[in-house]
Amino acid sequence: AQTASGKNFQAALTKSELHLIEEIEDPTKVPGVRPGTLGTRSPFEKPVKAPSDISSRTPLQDLFGTITPSDLHFERNHNGVPAIDPAKYELVIHGMVNRPMVFTLADLKRFPSVSRIAFLECSGNYRGSVDGKVTPQQICGLTSQSEWTGVKLSTLFREVGVSPKSTWFLAEGGDAAVMTRSVPIEKGWEDAIICYAQNGEAIRPEQGYPVRLFLPGWEGNINVKWLRRIELSDQPFQTRQETSKYTEAIGGGKIRQFSFTIDARSIITYPSYPQKVEKGWIEIRGIAWSGRGKVVRVEVSTDAGKTWKLAELQDPVMDKAHTAFRYLWNWNGQPTEILSRTVDETGYVQPFLKDLLAARGGNMGYHYNPVTAWYIQNDGQVLFKAT
Amino acid sequence: AQTASGKNFQAALTKSELHLIEEIEDPTKVPGVRPGTLGTRSPFEKPVKAPSDISSRTPLQDLFGTITPSDLHFERNHNGVPAIDPAKYELVIHGMVNRPMVFTLADLKRFPSVSRIAFLECSGNYRGSVDGKVTPQQICGLTSQSEWTGVKLSTLFREVGVSPKSTWFLAEGGDAAVMTRSVPIEKGWEDAIICYAQNGEAIRPEQGYPVRLFLPGWEGNINVKWLRRIELSDQPFQTRQETSKYTEAIGGGKIRQFSFTIDARSIITYPSYPQKVEKGWIEIRGIAWSGRGKVVRVEVSTDAGKTWKLAELQDPVMDKAHTAFRYLWNWNGQPTEILSRTVDETGYVQPFLKDLLAARGGNMGYHYNPVTAWYIQNDGQVLFKAT
Amino acid sequence: GQADTLHYPKSFGFGRTATLKEIALLDTDVRPDGKGLPAGSGKVSEGKLVYAAKCSGCHGATGVEGPNDQLVTIKNPTDPKVKARNKTIGNYWPYGTTVFDYIKRAMPFNQPGSLTDQEVYNLTAFLLHENGLIKADDIINAKTLPKVVMPARDFFVPDDRRDGPEIR
Amino acid sequence: GQADTLHYPKSFGFGRTATLKEIALLDTDVRPDGKGLPAGSGKVSEGKLVYAAKCSGCHGATGVEGPNDQLVTIKNPTDPKVKARNKTIGNYWPYGTTVFDYIKRAMPFNQPGSLTDQEVYNLTAFLLHENGLIKADDIINAKTLPKVVMPARDFFVPDDRRDGPEIR
Ligand SMILES: [Ca+2]
Ligand SMILES: [Ca+2]
Ligand SMILES: [Ca+2]
Ligand SMILES: [Ca+2]
Ligand SMILES: [Ca+2]
Ligand SMILES: [Ca+2]
Ligand SMILES: [Co+2]
Ligand SMILES: [Co+2]
């Protein structure tokens, strides 16, 4: 047992200790950290991707605006991230060309360049949940956005002299999966980019360092990372990734193949599970995108889909890009569901899950982009609900 | 001394060792790194800021496109970067208001938000060199670009009820310099943002974590970082930073004060010192920006300023944002000078150094935005030249 | 698009001509018409041995058990879990050439690129046979492989989604 | 702009009223009209002692030598280097109140926020005197400080740059 004076002394000590800590902690009273060579992330902020054996998901619910920090860009690979020495890197282009050629990384950087801010999404990017306990990261964290820079593939096509008879090309990665996909030649001429930069700097290893193929608006897998070879052909190669995988049953015994385009989609990232909200004003926030072009409209419902209101889109709305949307809502504290749906410039309207299932003969699979609902309980708890 | 057979044996060993190394190094033959929680930068890429005691400069010559990776965003502070606990963070707004208020970080995030991609530049951002051996980073590395997200200050002005008689406000930082600047109230109503996010994530400590003031197009120093207090007033406070510093002599004994706007500017980042170029096709690349609004035109000269051609601007051209420009040039191998100059939407034309000097009575100082030239020697060596 | 590049010079002159040898080193892909298949041929019986030694650890003794991807189709499965993942070479792969191409580039997963063409031919023969697509003494080579009839071929249709409001 | 926010509710109801006490703790700024100056007053002679103890290490024995910012103007310097950096309180600062405000918030650089108001008043008096702006026995307080005549005041003009082509 402690004496009364002992107790007082200890309390006093504790108080002065506390005071000391407070003084040290008052950042206006201690010189801070001097300028350095690399910036840091606050130790109080620990955003992380959610990894599995084969992929890692962007924490969409933790992000603001539309750019994904490069170290939070989603990952999907088929046998890990290779270590590639850029000095040894070469891209070979051959097949139906006048002159098969080899380009070093330095060569690629010398050609005319192009930059664009665009999303990249894996076509296997939907996960539901029966108990509602899933975050946006878990539902659809296989989408991210960067400013991509590189040389247009069409520029290289002209350099090697692609035959007018060529209709497809093979893109091959230099990873341990030696990833291969066949791409229709038109996409190569239209807007394909051989990218070497992401968000201002060299592409990160997880995104294909030193060079990846970028096909704006097309499913992630075909944007071959660690690109080492392009072969021009007059037919697709029917690689494992475009037959066994990345094809989807659509009913009537049919399997859809070469389904490249990412359908229009949106997700409300705030409020979302596991957050809890309070009665009163809530800015509903999210991102919307379409592989077909620009988002022209995002509609939000706060009454479980009975009525829909226009959300505000953040300018500038870019082609094939995550677009931030916002809708100001005064929650009365009653349980309800909030939903968002995207309409793109082709008139495509993001479907409900049940409509997608109906259109595909009851099959789930790739290219699932359903409207998702957030159920808000009367205690403010937000839970996922399938549509 | 070594026997002949010993030598052979060693050579053989070395050869098989080499082979082994080659095998290990062939990334298609070894499973790569599994997906993780945070992406990495390739060990072959080491972009760094150039620090001094008081600032650190963005390596503009190493970047592509327009977004600056957050850890390469330039820094300028007046007594270091403070360590701030976001749970303890508060913003106080008081003075000529109906109701002085305190906002936590969580409070600020609940208000309607806005995002914009914009540059931030220190007004003391010009350094020349007599021997020409300066990089873009050294010449003007105190400019960077991010996607900034936060709440409009006007929203908070309405919440506290700013008096119609208020004409200025004080912005105060919570760093060891307790940085203070006076801002005209109109800017607060127009487009000031109380930012809590940068490039998708929480603002980095070096850029003001957890909250900074962002005044699009205005000189860096007034974009007070680590913002802790705003006081509404009917006059400026004449702080040390807006009198002793961030004012400039303009001739005739006059000192210009409250010079907020960043004048239009550009820099060719490729080719630039210390690079060496080869005869033939060169894509001249750079960034252009203006604190007055959009860049409407960038002109490039490849004949030391005798003639000027239009550069291509990367879409979308955004208001008060770094804009990428490119100009394709076939260098004949003869020594020459290449230059770029920006014209903004108000018709302002980026001046030559000599014209700036003449306009300011021969004084150097803040707001120096001259056209800079790169001299290309006949061996391809690129060197800075003042205009 | 292509139009943007029309003002470019005919050639920028960056890069160099690829040699036949360096192309050959990389060019291992196999097309449905058999283009790309190397010399040699494979047998089911020999594939069985290679499979047991180098593949069964991950794909199971009979290519069904896993732990990794199921390679052999189970006819009329009753277990709903097996039913769900029963998409394999035998009932889902539209081209036999893909088996050769993929095994050669990517398997075994822990030692990709380590197999000889001979081994890959043997494994291809073995897996096609286990899936009931060829007979036990059929030989697989550049001539025969493209001709193996794959039951799934008929199911595949090109993307039928279009711009506009229709959900597909 | 303001128009964008007009559809907002009158109040969102986030945040709380600030107490007078918590405002007072932060509100140390001093305006040119003297608003914000605390009670108390300062003397040149006492400021000299504080300066020698807490400031001279960085700003020099007489406020000229550095190594950090020069605080005291040299009349008619001949050394061109001194001439160039001879922008100080005496010839470049437009308001005396700034001296108090800045020292209180930011100095000494290695112990910012450690000075009492008394010390800051004394230092302000000392530095103004060293710069020839007040007499040795002048007292600096909330009344007198705003009235100190600062020679640089007349030089300052507001930004005269405009939109458009004119270079200024
Ligand atoms: Ca080679
Ligand atoms: Ca081939
Ligand atoms: Ca798989
Ligand atoms: Ca408090
Ligand atoms: Ca005040
Ligand atoms: Ca200084
Ligand atoms: Co697809
Ligand atoms: Co200024």
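Note: hydrogens, waters and symmetry copies are ignored here, and every other heavy atom, side chains too, is used. Convention: sequence-line order gives letters A, B, ...; per-chain numbering from 1.
Side chain to side chain, D:Thr98 and B:Arg240 fail the donor-acceptor criterion of an N or O pair below 3.5 Å. Side-chain polar atoms of B:Thr243 and D:Tyr92 form no donor-acceptor pair below 3.5 angstrom.
Within the 4.5 angstrom heavy-atom criterion, atoms from both the backbone and the side chain of B:Gln238 approach chain D. With a 4.5 angstrom heavy-atom cutoff, D:Val99 does not touch chain B via any of its atoms. Residue B:Thr247 touches chain D through both its backbone and its side chain, counting heavy-atom pairs closer than 4.5 Å. For chain D, the nearby parts of B:Arg110 are the backbone and the side chain; heavy atoms of each come within less than 4.5 Å. Heavy atoms closer than 4.5 Å to chain B are found in the side chain of D:Tyr102, but not in its backbone. With a threshold of 4.5 angstrom between heavy atoms, D:Lys35 approaches chain B through side-chain atoms but not through N, CA, C or O.
Sparse packing is recorded around CG of B:Asp53, with 12 or fewer heavy atoms of other residues, nucleotides or ligands lying under 6.0 Å away. The environment of D:Glu65 atom CD is dense: over 12 non-hydrogen atoms of other residues, nucleotides or ligands sit within 6.0 angstrom. Crowding of B:Lys354 atom NZ: a count of heavy atoms from other residues, nucleotides or ligands under 6.0 Å exceeding 12. Annotation: D:Lys43, atom NZ; neighbour count of heavy atoms from other residues, nucleotides and ligands within 6.0 Å does not exceed 12. Within a 6.0 Å sphere centred on CG of D:Leu25, heavy atoms belonging to other residues, nucleotides or ligands number more than 12.
Taking the charged nitrogens against the carboxylate oxygens, B:Glu90 and D:Arg16 do have a contact shorter than 4.0 Å, which makes a salt bridge.
Counting heavy-atom pairs closer than 4.5 Å to chain D, the top-ranked of the candidates B:Val349, B:Thr180, B:Val160 is B:Thr180. Counting heavy-atom pairs closer than 4.5 Å to chain B, the top residue among D:Thr19, D:Leu20, D:Asp33 is D:Asp33. Contacts with chain D were tallied for B:His94, B:Lys254, B:Arg228; B:His94 has the most, counting heavy-atom pairs under 4.5 Å. Taking chain D as the reference chain and counting heavy-atom pairs below 4.5 Å, the highest number among B:Asn79, B:Val92, B:Leu356 is found for B:Asn79. Interface check for chain D: of the options B:Arg99, B:Arg360, B:Gln235, the most heavy-atom pairs under 4.5 Å are formed by B:Gln235. Residue with the most contacts toward chain B among D:Ile89, D:Thr97, D:Asp27: D:Asp27 (heavy-atom pairs, distance under 4.5 Å). The candidate from D:Gly15, D:Gly113, D:Pro112 with the greatest count of non-hydrogen atom pairs under 4.5 Å with chain B is D:Gly15.
Between B:Phe103 and D:Phe14, the distance from one ring center to the other does not fall under 6.0 angstrom.
Distance CD/B:Glu231 to CG/D:Asp29: 4.5 Å, rounded to 0.5 Å. A distance of 14.5 Å separates OG of B:Ser244 from OH of D:Tyr95, quoted to the nearest 0.5 Å.
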Should B:Glu159 and D:Ser11 be marked as a side chain to side chain donor-acceptor pair (under 3.5 Å) after you check the CA-CA gap, both sets of side-chain angles, and the distance that decides it? CA-CA 5 Å; B:Glu159 196 72 21; D:Ser11 167; 2.6 Å; yes

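Residues of residues 152-168 of chain D lying within less than 4.5 angstrom of chain B, judged on heavy atoms, are D:Phe155, D:Phe156, D:Val157, D:Pro158, D:Asp159, D:Asp160, D:Arg161, D:Arg162, D:Asp163, D:Gly164, D:Pro165, D:Glu166, D:Ile167, D:Arg168 in numerical order. Contact residues of residues 256-263 of chain B toward chain D are B:Arg256, B:Gln257, B:Phe258, B:Ser259, B:Phe260, B:Thr261, B:Asp263 (heavy-atom distance under 4.5 Å). Along residues 169-178 of chain B, the residues that come nearer than 4.5 angstrom to chain D, judged on non-hydrogen atoms, are B:Leu170, B:Glu172, B:Ala176, B:Ala177, B:Val178 in order of number.
Pairs passing the ring pair (Phe, Tyr, Trp, His ring centres under 6.0 Å) check and including a residue from residues 347-368 of chain B, sequence neighbours excluded, read B:Tyr246-B:Tyr366.
Nearest heavy atoms, D:Pro32 versus B:Pro236: CD-O, 3.7 Å. Across all non-hydrogen atoms, the minimal contact from B:Arg229 to D:Thr28 is NH2-N, 4.3 Å.
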